[in-house]
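Following: one structure in structure tokens, then a few remarks.
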Amino acid sequence: MKLYNTLSRTKEEFVPIEPGKVRMYSCGPTVYNFFHIGNARPFIVFDTLRRYLEYRGYSVKFVQNFTDIDDRMIQFSRNEGLTLKEFADRYIAEYWKDAEGLGIHPATVHPRATESIPEIIALIETLVAKGHAYEIDGDVYFSTRSFDGYGKLSHYNLEELESGARIDVDERKRDAVDFALWKAQKPDEPAWDSPWGMGRPGWHIECSAMANQHLGETIDIHSGGLDLIFPHHENEIAQSEAASGEPFARYWLHNGFININNEKMSKSLNNFFTVRDIVQKYDYEVIRFFMLSAHYRSPINFSDDLLEAARNGLDRLYECRDNLRFLLEKAVDIPETLSETGLEANSAAVLENTVSFASDTTNIVETSDFSVYRERFIAVMDDDVNTADGVAVLFDLVRDINTRIAESRKQASTESGTVSPKVLKKALEILMELSSVLGLLAREGDALAVEVEALITQRQTARKEKNWAESDRIRDKLKEMGIELQDTPQGVKWSAGPAK
RNA sequence: GGUGCCAUAGCCAAGUGGUAAGGCCAGGGUCUGCAAAACCCUCAUCCCCCAGUUCAAAUCUGGGUGGCACCUCCA
């Protein structure tokens, strides 16, 4: 498998430190609000990477933190009259709702910064002891120039950074490029005791400390958004490697940004959407599908039209799954002897309510194998997690399945040949196998089903009696309930759609 | 100023040396009591422009044009 490594700016063959095992860390959200779609992209794509690695047989230990202490956390919790913990708890709970909806599996560990204060302090102490950090008035700064490799991830050099600095430099720092590891307490701020007095950790140090705490000194994959390359990830490398003397992470993966209606998403333009906003109109899975239909490193645009197109595309996938399930359900009704011999397939009594299925040996499509799609899927996903191609493989599979079913129906009138349950089952299995790697087709129906089935039975009775008025009345009624019917040769198929 | 990225059909989007995937939209057809939905088929002689390398380029090289991002808390 190849992964694009920001360190080398090339695709590299992925080789984990320990065969069969992958340790990965991804920067999680600062929990001061619902997360927005820009946050959602790394969550979704790196969840997909994690799923894929597991699919390929790796045992993955995945750590994603919650940043629950920073300026915004302090300010917003205060505005709400909540303690820092109460405030964090609230938005972590909201995170889980959205994450679950988006099909993001929980990481192996979700550490909170405030629960790793001892580890953070220990790491800072090590850096001070090794001469990579210094204390001034209760603040502790990292001495950037003391770390030789600084800039190797972002490919910036210190001179450029210094000349390009656009912010006011804290005069107390020895060097403009130094950054805070520990911040002394200001009045009324939450604080923890430390060798430098009461204070709180800086942002960058928490990830170094938690990654080390849960994954060890060197991890396989570290990921996050493009904008984290500098300074966040660059600083993480400096802190971790200055302390341990070992490489921090071997593969650095960064996802591209999301634009809104072709404009940069930003607070100042007031054009950012939370996931919670979007799901008012589109299902969670539409968002996931949309994100995965482009390569994770490409910038993507976000708009209503694009989401609508994604919804329609995803529906096609669901249609195939539901159709296969429907046909399989009908197939179960066939007496075993019939499907064994295929001889009585023309029996009117059987055709009445069930699908006719020929024996496995009499059908040409029987010999076909869907494993070619699995091979193609793996080949494209092995190439830097090309989910856009992965989705394309899914659609090719769907067309293949649909075509076989359609053609066998045509044959059915003359030769009673239709796709056998065995093939349908195989098709459904491969469809679900590949979809689940992408975290798609996870949606299931609800309790509405019983009521709907009853109405459909009533309508079928009316149709049998050629009571079209009654039949249409029931169909309209179902339509009002959001249920659409399809009269197929195998019976009535229904779907609760188009959803969102 | 520094560092990168991108430019493929009406829209979205893969493909990075061997003769243009996939999705949406649109058009045609099949199925059906009617219908809806669904399904199938069709839909880029060509990949921003110019020059070059090559038997062969959307893909490599040089130049140009246009768009974007990071360098500042931000996924």
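Every chain is numbered from 1, with letters handed out A, B, ... down the list of sequences.
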Query raised in the report: Looking across every strand, which nucleic acid part, if any, lies under 4.0 Å from R321(A) by heavy atom: base, sugar-phosphate, or nothing?
Result: nothing
**Report entry** T403(A) side chain, from C-beta outward: closest of U3(B), A75(B), C40(B)
**Finding:** C40(B)
Query raised in the report: Quantified in whole Å, what is the C1' atom distance between nucleotide U61(B) and nucleotide C24(B)?
Result: 37 Å
**Report entry** Interatomic distance at P, C48(B) relative to U16(B), whole Å
**Finding:** 15 Å
Query raised in the report: Any chance CD of E100(A) has more than 12 other-residue heavy atoms, nucleotides or ligands included, within less than 6.0 Å?
Result: no
**Report entry** Interatomic distance at P, C47(B) relative to G10(B), whole Å
**Finding:** 13 Å
Report task. Nearest whole angstrom, please: distance from the P of C40(B) to the CG of L397(A). Result -> 12 Å
Query raised in the report: Checking all strands, does S471(A) fall into the base, sugar-phosphate, or nothing category for heavy-atom contacts under 4.0 angstrom?
Result: base
Requested in this report: Identify which nucleotide among C40(B), G33(B), C73(B) has an atom closest to any side-chain atom of R399(A), counting heavy atoms from C-beta outward.
Outcome: C40(B)
Requested in this report: With heavy atoms under 4.0 Å as the rule, sort H36(A) into base, sugar-phosphate or nothing.
Outcome: base
Query raised in the report: Are E319(A) and R316(A) ion-paired here, with the side-chain N under 4.0 Å from a carboxylate O?
Result: no
Query raised in the report: Can you check whether N402(A) has a side-chain N or O nearer than 4.0 Å to OP1 or OP2 of C40(B)?
Result: yes
Query raised in the report: With respect to the phosphate group of G2(B), does any side-chain polar atom (N or O) of N157(A) fall under 4.0 Å of OP1 or OP2?
Result: no
Requested in this report: Using a 4.0 Å heavy-atom cut-off across all strands, classify D472(A) as base, sugar-phosphate, or nothing.
Outcome: base
Report summary line: As its Watson-Crick or G-U partner within any shown strand, both distances under 3.5 Å, G18(B) has C55(B)
Query raised in the report: Does OP1 or OP2 of A14(B) have a side-chain N or O of S298(A) closer than 4.0 Å?
Result: yes
Requested in this report: Give one of base, sugar-phosphate or nothing for G38(A), where a contact means two heavy atoms less than 4.0 Å apart.
Outcome: base
Query raised in the report: With both distances under 3.5 Å as the test, what is the Watson-Crick or G-U wobble partner of C39(B)?
Result: G29(B)
Report summary line: By the Watson-Crick or G-U definition, both distances under 3.5 Å, C24(B) is matched with G10(B)
Query - Short N-O contact, R200(A) and D71(A), less than 4.0 angstrom - result: yes
Requested in this report: May I ask whether F43(A) stacks on the base of A75(B), given the cut-offs of 5.5 Å between ring centres and 30° between planes?
Outcome: no
Requested in this report: Whole angstrom is fine here: how far is it from CZ in F289(A) over to P in C12(B)?
Outcome: 16 Å
Report summary line: Of the listed A14(B), A37(B), A75(B), the closest approach to the N386(A) side chain comes from A14(B)
**Report entry** Spacing of the C1' atoms in G22(B) and A44(B) (rounded, Å)
**Finding:** 14 Å
**Report entry** G28(B) and C43(B), which share atom name C1', separated by this distance in whole Å
**Finding:** 11 Å
Query raised in the report: Between atom CG in L158(A) and atom C1' in U3(B), what is the gap in whole Å?
Result: 14 Å
Query raised in the report: Looking across every strand, which nucleic acid part, if any, lies under 4.0 Å from R316(A) by heavy atom: base, sugar-phosphate, or nothing?
Result: sugar-phosphate
Query raised in the report: Closest to the R463(A) side chain: C73(B), C34(B), A69(B)?
Result: C34(B)
Query raised in the report: For RNA chain B, whose closest nucleotide is more 5', that of L306(A) or that of K264(A)?
Result: L306(A)
Query raised in the report: Given A38(B), A75(B), G22(B), which nucleotide is nearest the side-chain atoms of E319(A)?
Result: A38(B)
Query raised in the report: Considering only the C1' atoms, how many Å lie between U30(B) and C49(B), rounded to the nearest integer?
Result: 46 Å
Requested in this report: Report the residue (G225(A) or S154(A)) whose heavy-atom-nearest nucleotide on RNA chain B is the more 5′ of the two.
Outcome: S154(A)
Query - Nearest-Å distance for atom pair CZ/P, residues R459(A) and A35(B) - result: 13 Å
Requested in this report: Name the pairing partner of G4(B), where a pair is Watson-Crick or G-U wobble with both distances under 3.5 Å, or state none.
Outcome: C68(B)
**Report entry** Under 3.5 Å donor-acceptor, D277(A) side chain and T274(A) backbone
**Finding:** yes
**Report entry** Among C24(B), A13(B), G33(B), the one nearest W468(A) by side-chain distance
**Finding:** G33(B)
**Report entry** D227(A) CG - A69(B) P separation (whole Å)
**Finding:** 13 Å
Query raised in the report: So what does I229(A) touch, heavy atoms closer than 4.0 Å: a base, only the sugar-phosphate, or nothing?
Result: nothing
Report task. Take R473(A) and E470(A) through the salt bridge (charged side-chain N to carboxylate O under 4.0 Å, His left out) test and state the conclusion after the steps. Result -> CA-CA 5 Å; R473(A) 190 190 65 76; E470(A) 172 68 3; 3.2 Å; yes
Report task. Flag the pair Y95(A) / F35(A) as yes when their ring centroid distance falls below 6.0 Å, and as no otherwise. Result -> yes
**Report entry** Chi angles and distances behind the salt bridge (charged side-chain N to carboxylate O under 4.0 Å, His left out) call for E285(A), R288(A)
**Finding:** CA-CA 5 Å; E285(A) 201 173 301; R288(A) 185 176 183 110; over 6 Å; no
Query raised in the report: What nucleic acid atoms does D305(A) come within less than 4.0 Å of, heavy atoms only: base, sugar-phosphate, or nothing?
Result: nothing
Query raised in the report: If you check the F395(A) side chain, which of G23(B), G15(B), G33(B) turns out closest?
Result: G23(B)
Query raised in the report: What is the nucleic acid contact for Q486(A), judged by heavy atoms within less than 4.0 Å: base, sugar-phosphate only, or nothing?
Result: base
**Report entry** Whole-Å P distance, C25(B) and C41(B)
**Finding:** 16 Å
Report task. Mind checking D389(A) for me? I need base, sugar-phosphate or nothing, with any heavy atom below 4.0 Å counting as a touch. Result -> base
Requested in this report: Send over the distance from I258(A) CD1 to A75(B) P, rounded to a whole Å.
Outcome: 12 Å
Query raised in the report: Are the aromatic ring centres of F66(A) and Y91(A) under 6.0 angstrom apart?
Result: no
Query raised in the report: Base, sugar-phosphate, or nothing for A309(A), non-hydrogen atoms under 4.0 angstrom?
Result: sugar-phosphate
Query raised in the report: When the P atoms of C68(B) and U19(B) are considered, how many whole Å apart are they?
Result: 35 Å
Query raised in the report: Aromatic rings H204(A) and F179(A): how do their planes relate, parallel, tilted or perpendicular, breaks at 30° and 60°?
Result: perpendicular
Requested in this report: Let me know the distance between CZ of R311(A) and P of A37(B), rounded to the nearest Å.
Outcome: 14 Å
Query raised in the report: Does the side chain of R9(A) get closer than 4.0 angstrom to OP1 or OP2 of G4(B) through an N or O atom?
Result: yes
Query - Distance, rounded to the nearest Å, where H295(A) contributes NE2 and U16(B) contributes C1' - result: 13 Å
**Report entry** Among A14(B), C70(B), C25(B), the nucleotide that comes nearest once only the side chain of F257(A) is considered
**Finding:** C70(B)
